[in-house]
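Everything numeric in this text was worked out from a predicted model, so none of it was measured. Ligands are counted one by one from 1 in listed order, and the atoms in each one are counted from 1 as well.
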Amino acid sequence: MKEPKGAEILILGTVQGVGFRPFVYNLAARLNIAGTISNTSDGVRIQAYATPDRLNIFLTALTKEAPPLSTITSFKTKPLYDPFEGDSFEIIASVAGKEAKTSIPPDIALCDDCLSELLDADDLRHRYPFINCTNCGPRFSIVETIPYDRPYTSMKSFPMCEMCRDQYNDPGDRRFHAQPNACPVCGPSVSFHHNSGEQITTDQPISLTAAKLAEAKIVAIRGLGGFHLVADAYSDSAIHSLRERKGRPDKPLAVMMADIKTIETHCYLNEKEKQLLLSPAHPIVLLRNKDHMLAGNLAPGIDELGVMLPYTPLHQLLFNEPDCPDCLVMTSGNVSGAPICTGNEDALARLSSICDYFLLHNRDIVTRVDDSVIRVSGNRSQIYRRARGFVPSPLQLKLNLPPVIGTGGGLKSTFCLAREDSAHLSQHIGDLFNLESFDFYTESVDHLKRLLQIEPKIVACDLHPDYMSTHFAAELQLPTYRIQHHHAHAVSVMAEHGLSDPVLAVVMDGTGYGPDGTIWGGEILFSSLTGYKRLAHLEPLMLPGGDLAAAEPWRMGISALYNAYGEQGMEEQLPEPVGQIPQEKRDVISAMLKAGFNSPLTSSCGRLFDSVASLLGVCQKISYEGQGAIELEALARRAAGPDWLNRINGFIGENERCVLCKDGGKLEIYSSEMIRLVLAALHSGRTREETALLFHCLLIASIEEIILHLSQQTGCRKVVLSGGCMQNKLLLEGLFYQLAKHNVQAFTGERIPINDGGISLGQAIIGGLQHVSSDTHEGY
Ligand code: ZN
Ligand code: ZN
Ligand code: FE
């Protein structure tokens, strides 16, 4: 038999834009291997020629020593029998193919090597705000199409100077084939402007920005994936004007801090949180406030701050200015409800009424990507907003799906493109309630389809008939699967943890359309990957005024009182904060509840939180989604000492029950009894903090009791915890703790959001599997 002369190696995964080809080149040089490497739309293809033992060393080293930002998902070799015409190893041009299976890497924070060059007065890129290398810099946000090569990125308009080109072509250089490679001579630059748009001539635009920030001015800064509105985080007045001009009275504002030391001064920080802050993605991490030295209006009613570290060279230069405050508010540069601005013209038009100055640059942002948000709960980190640093990396599934798109929901929208064993969740798009967000959504669908070369053959969407994402699905004219909202929440967690057998799913959520036409939201499902049974849910409450009830918790407060005590009893029980609401307003609501007028029923857990938030006087009107629940959690946390988990059972007295058994044995979380216990606690003089904690513990205990019962009934000992309300740390940690006592294994979303940002993944999986199995066990 003929002896092979070499081997062809096909590698799939995140292997483009992460320094993979230079790594292979250098490895081949070291081992004296001849041949070629090229990027393909499939990944990279290597043809390597050497003696069999040297080839073996090469193959092992390829996976063992691969660059830190690469991930290999498939590695295939085949022998080559014809000899190679040459004796060196070369990097050859990329070949565009039909189906891309390789993934474009996400944007990566500035690396340490580039940071030291940035601050080195002798370096040619000293103080150059766009310094990058194969290990760092923009990726997803500048890519127009595949393969990932400079002519297909927004760097195409910056022809490289001689130095940059030499480095780009030198396989021994850190910038070898770094697509965004640039320097002050040939690359993008920054400029400083009045909010009128007029440029202010200066050779120090970044120092000027720092000076203005120190004077409590607001500057709109063009960043990596979009604009930020930036202000001094110590200045109450700067933040006050930012909030006023942006029409954002209460929603917490994210802060960028100069370095880890600064963060440790202001916030409690554990090892896991520190690692996340410093990870290549540099996300926003929610941290507990420590010294309360920053402006009090950063996050009203909440004892946490969303904090990130500088992730671009421009951020580093800004903090490096002596004038610059070491903590800066960095909030999305958008007008309320619209996506963040990415283009200079667009920003000048829309943000000029919010900011005082602009710091612009001329490297186009092809794809908008917000900052990602993560919170550590117990020993788990949970992503709440998945965007910069994570998208478009795929989630590997233990499934085989047809090409499918999940179109998501209404709030915190994302979509998901999946094929075979990979699912790609889009970046956070935002609430899909206006045309601008919808444009961003449809553009992103087209863009990601092109980058991933996935052409969906089927579509999966929410059951809600009015979501824009549902209408979008209908327009695709593909076989369509309409997926119940909470089933999708459950399956997204199942998929992340590779759970293929049915589980009990506790989905505590705001709003989801039920197949019975009512509004669901506090559900315990027996869920498989293709179907579900609704085994238990929250005792329903009326929503006086429909959607308005979600915006005005005081309506839910009255509804909960009415449900618990009836029309007569409620007046006697009225807690003081609700008593302060004018009598005539309360009477209108009572009349609506009595007549059942415009008061649909809901099993929503979010609305139960709202009602307790109202009764305790935490919040009567909200200005951002989830505000009632978030502030109620913050209140309860003040009463929760380090041992609170051990106290959960003690909160429920001998004769108190928080589970209701209906006719036919169906279980409900007994919310009216919880309300009675909450009010009894208040009237007996318990503090608001203690009462808020009591409510959390009652909810935990009731879910625990139902799960134990259902686990016996079904024989299932695995539980997934999902839905927006599960972002509540007390609720989540309490459930993990209680369930573990009974040997019930619990799972929740870590890399995929458990809020509505994760449902598109669940939809894609359920729809995809229903399509191939013709299996739709929907039922309730
Ligand atoms: Zn670098
Ligand atoms: Zn250059
Ligand atoms: Fe939801």
Side-chain angles (χ1 to χ4, degrees), residues 17-19 22 67-69 107-119 123-125 128 130-139 150 155 158-169 173-176 178-189 280 282 311-313 316 384 408-414 431 462-464 467 469 483-493 505-514 519-523 525 550 602-607 625-626 629 722-727 749 752-763:
V18 290
L69 299 178
D107 302 294
I108 300 297
L110 184 71
C111 76
D112 289 343
D113 289 337
C114 287
L115 176 62
S116 45
E117 281 186 15
L118 181 73
L119 304 177
D123 196 276
L124 286 163
R125 293 189 182 84
Y128 180 56
F130 302 93
I131 186 170
N132 66 82
C133 72
T134 48
N135 287 321
C136 75
R139 299 288 188 274
R150 192 163 176 119
M155 287 302 293
F158 299 98
M160 280 182 275
C161 69
E162 211 181 309
M163 174 189 79
C164 286
R165 181 156 297 283
D166 285 350
Q167 292 175 331
Y168 182 89
N169 287 326
D173 196 277
R174 307 199 283 119
R175 300 204 163 82
F176 178 65
Q179 306 307 344
N181 183 30
C183 78
V185 174
C186 64
S189 56
H282 272 45
Y311 58 83
T312 66
Q316 288 288 357
Y384 287 177
L411 291 166
K412 298 186 168 65
S413 301
T414 61
D431 300 345
D462 200 274
L463 270 185
H464 201 300
Y467 283 162
S469 57
I483 313 298
Q484 203 281 321
H485 188 93
H486 304 104
H487 185 209
H489 269 303
V491 170
S492 71
V493 177
V506 181
V507 187
M508 293 295 128
D509 203 25
T511 298
Y513 199 84
I519 303 158
W520 291 13
E523 312 303 318
L525 311 175
T602 183
S603 56
S604 164
C605 184
R607 296 300 81 74
E625 198 223 346
S722 191
C725 297
M726 281 293 178
Q727 293 180 148
I752 302 294
I754 53 173
N755 58 44
D756 286 5
I759 63 168
S760 60
L761 171 71
Q763 292 169 345

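Geometry at the Zn ion (ligand 1): SG/Cys114 and SG/Cys136 form an angle of 110°, nearest 10 degrees. Angle subtended at the Fe ion (ligand 3) by Asp509 OD2 and Asp756 OD1: 170°, rounded to 10 degrees. Angle subtended at the Zn ion (ligand 1) by Cys133 SG and Cys111 SG: 100°, rounded to 10 degrees.
Side-chain atoms of Glu117 and Tyr128 form no donor-acceptor pair, as typed in the model, at a separation below 3.5 Å. Ser760 and Thr414 share a donor-acceptor pair across their side chains, judged by distance under 3.5 Å alone.
Between the Fe ion (ligand 3) and His485 there is an N/O/S contact shorter than 2.8 Å.
Residues Cys114 and Arg175 share a closest heavy-atom pair of SG-NH2, 3.7 Å.
Judged by distance alone, the side chain of Gln484 and the main-chain N or O of Tyr513 form a donor-acceptor pair under 3.5 Å.
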